[in-house]
Structures are given as structure tokens and as C-alpha cells.
Protein chains: 2
Amino acid sequence: MKKTNILKKIENAGLKKTKYRVNIIDLLEKADGLLSASDIHQLLIDNDIQMDLSTVYRTLEKLTENNIINRIELEKEKQSLYEYNREKHHHFMICKSCNKIETIYDCPLTKYEEDIKAHSDFLITGHKIEFYGYCKNCRKRLKIN
Amino acid sequence: MKKTNILKKIENAGLKKTKYRVNIIDLLEKADGLLSASDIHQLLIDNDIQMDLSTVYRTLEKLTENNIINRIELEKEKQSLYEYNREKHHHFMICKSCNKIETIYDCPLTKYEEDIKAHSDFLITGHKIEFYGYCKNCRKRLKIN
DNA sequence: ATATAAATGCAAATCATTTGCAATTAATAA
DNA sequence: TTATTAATTGCAAATGATTTGCATTTATAT
């Protein structure tokens with residue numbers, strides 16, 4: 001992503017433009033999977049950017065609050081994972097064998113939520129789904145069909 | 001639940017029958033909501049049953065492994081919650097305002113999972129859904145429609 | 001009754017995340 | 001440009017749920 005776009009995001013959020021924020025957003029935008037706070041911390045160090053881990057956490061918090069990135073809390077993962085917010089609703093499939101996380105850009109719940117809205121006292125405003133099972137490789141390796 | 005049923009569950013799992021296990025299962029079976037490890041620990045103390053918290057954790061672990069109880073890990077809850085396993089597939093609706101947890105004994109995903117099974121390399125064997133929104137009381141209180 | 005593996009209590013460790021505080025820095029006004 | 005102010009940062013320490021090592025106890029099978 002162009003630096004100027006990142007700066008605009010930070011500005012729109014009313015945050016100060018610090019090199020750390022630009023770097024973290026940039027890094028998450030380029031990452032193709034989910035990253036933990038310490039993954040991010042390490043990647044910054046690899047790029048010769050020294051930044052205290054607590055500042056990484058504080059930065060991720062701020063960026064999450066402002067919907068620039070998403071915090072993902074998966075079952076059994078002790079640590080939170082982060083992704084750049086591409087404004088595209090999605091869910092995850094997690095392999096029970098190798099823990100690979102695949103993304104699904106499809107959602108089976110739209111109609112269901114409308115039904116609940118019509119028939120229940122509970123107003124659903126959002127949801128979270130995780131699918132568990134076996135990825136292609138593990139199915140082959142473990143002979144699961 | 002009758003004590004004999006609990007004992008049978010413990011026996012079927014190949015576990016030793018200790019008073020602690022019987023008590024924890026009994027307690028979860030009677031509970032109407034989800035309980036945390038320390039909730040359970042406290043309830044035991046209230047019933048004059050002294051049991052080390054680490055033993056509570058080890059017991060919950062064993063009972064979960066053997067599907068006698070379920071461990072629930074909800075987004076944003078730092079602690080795991082536990083429920084008696086009534087062998088009835090269900091999901092949760094969590095109020096964003098008061099955090100009340102309501103159970104849904106209905107699942108919109110059966111067909112979707114079959115579709116994925118037919119068209120994807122990923123074999124889904126299970127899933128987890130949480131719905132977020134506002135419960136009846138909070139909708140009224142906060143005037144959300 | 002005895003042997004043996006499982007279960008327990010206690011204290012200490014773990015590990016992701018958070019926080020207090022003093023020092024630094026970015027944004028804004030003068 | 002400089003001064004002001006609030007936000008940001010580094011560092012060290014705290015937090016809090018959960019786990020673990022180890023010596024002791026207990027349930028179950030022989």
C-alpha cells in the first residue's frame with residue numbers, strides 16, 4: 001500500500017503519525033496470513049526497527065479500535081492474531097492437524113440472522129464463525145475422507 | 001442427576017471415582033449457565049469442599065477430554081467457561097451491552113457444511129459460532145431496534 | 001492386603017497482555 | 001520558528017488465567 005494511503009488512515013483515525021504505526025500497518029497490509037503481536041515485533045526487529053513489545057501492543061490496540069486492522073481471537077490460540085482490515089467479511093477454516101488457517105470469503109448466515117431478528121428478542125449485530133476440520137494436505141497425509 | 005449416572009460417566013471414561021469429580025460434574029449439571037474454573041472453585045468452597053484450584057483445572061481438563069463437559073472459549077473472555085455436556089448441538093448469543101450469554105438450540109450451518117464438503121478440499125468436521133448483539137433487556141434499556 | 005498408576009496439594013513457573021511512570025515526540029497555536 | 005499540550009513511547013513491574021514439578025495420598029486391580 002502506498003505510504004500516503006496509510007498516512008490518510010492514521011489521520012482519519014485522529015492518531016499521531018509515528019513511524020511505528022506506518023510500519024505496522026504496512027507490514028500487516030503485506031502479510032498474507034494472520035500475525036501475532038510478537039510475530040510483528042520480531043518482523044520489525046528483522047527490519048532494524050526497534051520498538052518495545054508493549055508499544056506494539058498499544059499500537060495494535062489503537063489500530064484495532066479504529067478498524068484499520070482486525071484482532072482475531074481463535075479458540076485455543078492463547079495469543080490474539082491480527083490482520084489488515086480489507087473491509088471484506090470473512091471467516092476461517094482451521095485445520096485440526098496442522099493448524100493452518102484458511103480464509104473463506106463467503107458467509108452462510110445472512111438469512112439466518114434476518115430470521116432471528118424477525119422472531120427473537122435478541123438483536124444480532126454481528127457474529128463470528130470458525131470451522132474446524134482438515135486441510136487438503138492433512139487429508140491426504142492422514143488419509144481422511 | 002442421579003449420583004449413579006455420574007459414577008457411570010466417570011467409569012466409562014476410565015477415570016478414578018473421586019469425590020471431587022462427582023461434585024464438579026454434579027455442580028455443572030445443575031448450573032443453568034456457564035461457569036469458570038474459579039466460579040466452580042468458589043462454589044465448592046461454599047459447599048465446604050476444599051479443593052486446590054490447580055486440581056479444579058486438572059479435573060475440568062480430564063472431564064473435557066472425555067466429553068463429559070464442554071469447555072467454551074468466548075471472544076474477549078480471558079477465562080474458559082464450562083458447561084455440562086448435554087449432547088445437544090448449540091451456539092451462543094452474547095449481549096454486547098450486559099454480556100449475558102443466551103443459548104440457541106438451532107444451527108444454520110448443516111447445509112453449508114455439506115456444500116463445502118462437496119466443493120472444497122477442506123473437510124469440515126465441526127464449527128463454532130458466536131452471535132453478538134443486544135438482548136431483550138438491553139434493547140429496551142438502550143432503545144435499540 | 002499389596003502394588004501401581006492416577007490424583008492431589010502446594011508452591012512456583014509460564015506467558016500473553018497490561019499498566020504506572022517518567023521521558024520523548026507530534027500536532028497545534030502563537 | 002518556538003512554545004504548549006496531549007499523545008506516544010520505553011522500561012520495568014504487575015496481572016491473571018492456566019500449567020507444572022514434585023512429594024504425598026488415594027483408588028483400583030491383583
Side-chain angles (χ1 to χ4, degrees), chain A residues 3-4 6-25 34-45 47-66 68-82 99, chain B residues 3-4 6-26 34-45 48-66 68-82 99:
Chain A
K3 278 276 185 335
T4 47
I6 296 182
L7 291 176
K8 198 161 290 176
K9 287 226 171 205
I10 294 176
E11 187 168 15
N12 290 342
L15 299 174
K16 284 190 184 176
K17 292 161 201 138
T18 69
K19 54 176 175 171
Y20 296 143
R21 284 177 181 162
V22 176
N23 277 308
I24 287 188
I25 296 175
L34 298 170
L35 298 176
S36 69
S38 56
D39 288 341
I40 291 166
H41 187 228
Q42 189 54 52
L43 284 168
L44 290 168
I45 289 172
N47 280 70
D48 281 312
I49 298 162
Q50 298 299 323
M51 181 178 181
D52 193 81
L53 183 55
S54 70
T55 308
V56 174
Y57 275 107
R58 281 190 271 226
T59 303
L60 292 170
E61 168 77 24
K62 273 273 184 289
L63 299 180
T64 302
E65 273 173 16
N66 288 285
I68 295 172
I69 65 175
N70 301 323
R71 164 186 280 153
I72 317 286
E73 293 167 44
L74 297 178
E75 193 169 295
K76 272 164 198 145
E77 283 281 339
K78 307 117 196 273
Q79 52 192 358
S80 294
L81 301 175
Y82 298 85
N99 289 317
Chain B
K3 277 279 184 333
T4 49
I6 295 182
L7 291 177
K8 198 161 289 175
K9 287 223 168 205
I10 294 176
E11 186 168 15
N12 290 342
L15 299 175
K16 285 190 181 175
K17 292 162 202 138
T18 69
K19 54 177 175 167
Y20 295 143
R21 285 179 180 159
V22 177
N23 277 310
I24 287 187
I25 296 175
D26 199 41
L34 298 169
L35 298 176
S36 70
S38 58
D39 288 340
I40 291 166
H41 188 228
Q42 189 53 54
L43 284 169
L44 290 168
I45 289 172
D48 280 312
I49 297 162
Q50 297 300 321
M51 181 177 182
D52 194 80
L53 183 55
S54 70
T55 308
V56 174
Y57 274 107
R58 282 191 270 228
T59 303
L60 292 171
E61 170 76 25
K62 273 272 183 291
L63 299 181
T64 301
E65 273 174 15
N66 288 285
I68 296 172
I69 65 174
N70 301 322
R71 163 188 280 153
I72 316 286
E73 293 167 43
L74 297 179
E75 192 169 296
K76 270 160 201 153
E77 282 282 339
K78 306 114 196 274
Q79 54 193 357
S80 294
L81 300 176
Y82 299 85
N99 290 316

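These numbers were taken from a predicted model, which means no experiment stands behind them. Protein chains get the first letters and strands the later ones, always in sequence-line order, with residue 1 at the start of each.
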Hey, could you give me the [atom1]/[atom2] distance between [X] and [Y], rounded to the nearest 0.5 Å?
X	Y	atom1	atom2	result
A/Leu60	A/Lys62	CG	NZ	12.0 Å
A/Ile6	A/Ile25	CD1	CD1	6.0 Å
A/Leu63	A/Ile24	CG	CD1	6.5 Å

With the side chain counted from C-beta on, respond yes when A/Asn23 and A/Asn47 share a heavy-atom pair under 4.5 Å apart, and no when they do not.
no
Quick check: do A/Thr59 and A/Met51 have side-chain heavy atoms less than 4.5 Å from each other?
yes
With the side chain of B/Arg21 defined as its heavy atoms from C-beta on, choose the nearest nucleotide among D/dG10, C/dA7, C/dT17.
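Taking heavy atoms from C-beta onward, the closest nucleotide is C/dA7.
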Looking at the side chain of B/Tyr20, which of D/dT18, C/dG9, D/dG10 is the nearest nucleotide?
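In terms of side-chain proximity for B/Tyr20, the closest of D/dT18, C/dG9, D/dG10 is C/dG9.
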Within the structure shown, what part of the strands sits under 4.0 Å from B/Glu73 by heavy-atom distance: base, sugar-phosphate, or nothing?
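It contacts nothing in the nucleic acid.
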Cut-off 3.5 Å, side chains only: do A/Asp39 and A/Ser36 have a donor facing an acceptor?
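Side chains of A/Asp39 and A/Ser36: pair found under 3.5 Å.
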Value in whole Å for how far the [atom2] atom of [N] lies from [atom1] of [X]:
X	N	atom1	atom2	result
A/Met51	D/dC11	CE	P	12 Å
B/Lys78	D/dA14	NZ	P	19 Å
A/Ile10	C/dA27	CD1	C1'	14 Å
A/Arg71	C/dT17	CZ	P	8 Å
A/Gln42	C/dA16	CD	P	13 Å
B/His41	D/dT18	NE2	P	13 Å
A/Gln79	C/dT14	CD	C1'	14 Å
A/Glu61	D/dA7	CD	P	15 Å

With A/Thr18, which residues qualify under side-chain contact (heavy atoms from CB on, under 4.5 Å), at least two apart?
A/Lys16, A/Tyr20, A/Arg21
Within the side chain of B/Asp26, is there an N or O that forms a donor-acceptor pair under 3.5 Å with the backbone of B/Val22?
no
A/Asp52 side chain vs A/Ser54 backbone, donor-acceptor pair below 3.5 Å:
yes
Below 4.0 angstrom, which residues in residues 52-60 of chain A have at least one non-hydrogen atom near DNA chain D?
A/Asp52, A/Ser54, A/Thr55, A/Arg58, A/Thr59
Can you tell me if A/Ser80 touches the phosphate of C/dA16, counting only side-chain N or O atoms and a distance under 4.0 Å to OP1 or OP2?
no
For nucleotides 27-30 of chain D, give me every protein contact, N/O to N/O, under 3.5 Å, one pair per line with atom names.
residue: D/dA27; atom: N3; partner: B/Lys16; partner atom: NZ; Å: 3.3
residue: D/dT28; atom: OP1; partner: B/Lys17; partner atom: N; Å: 3.0

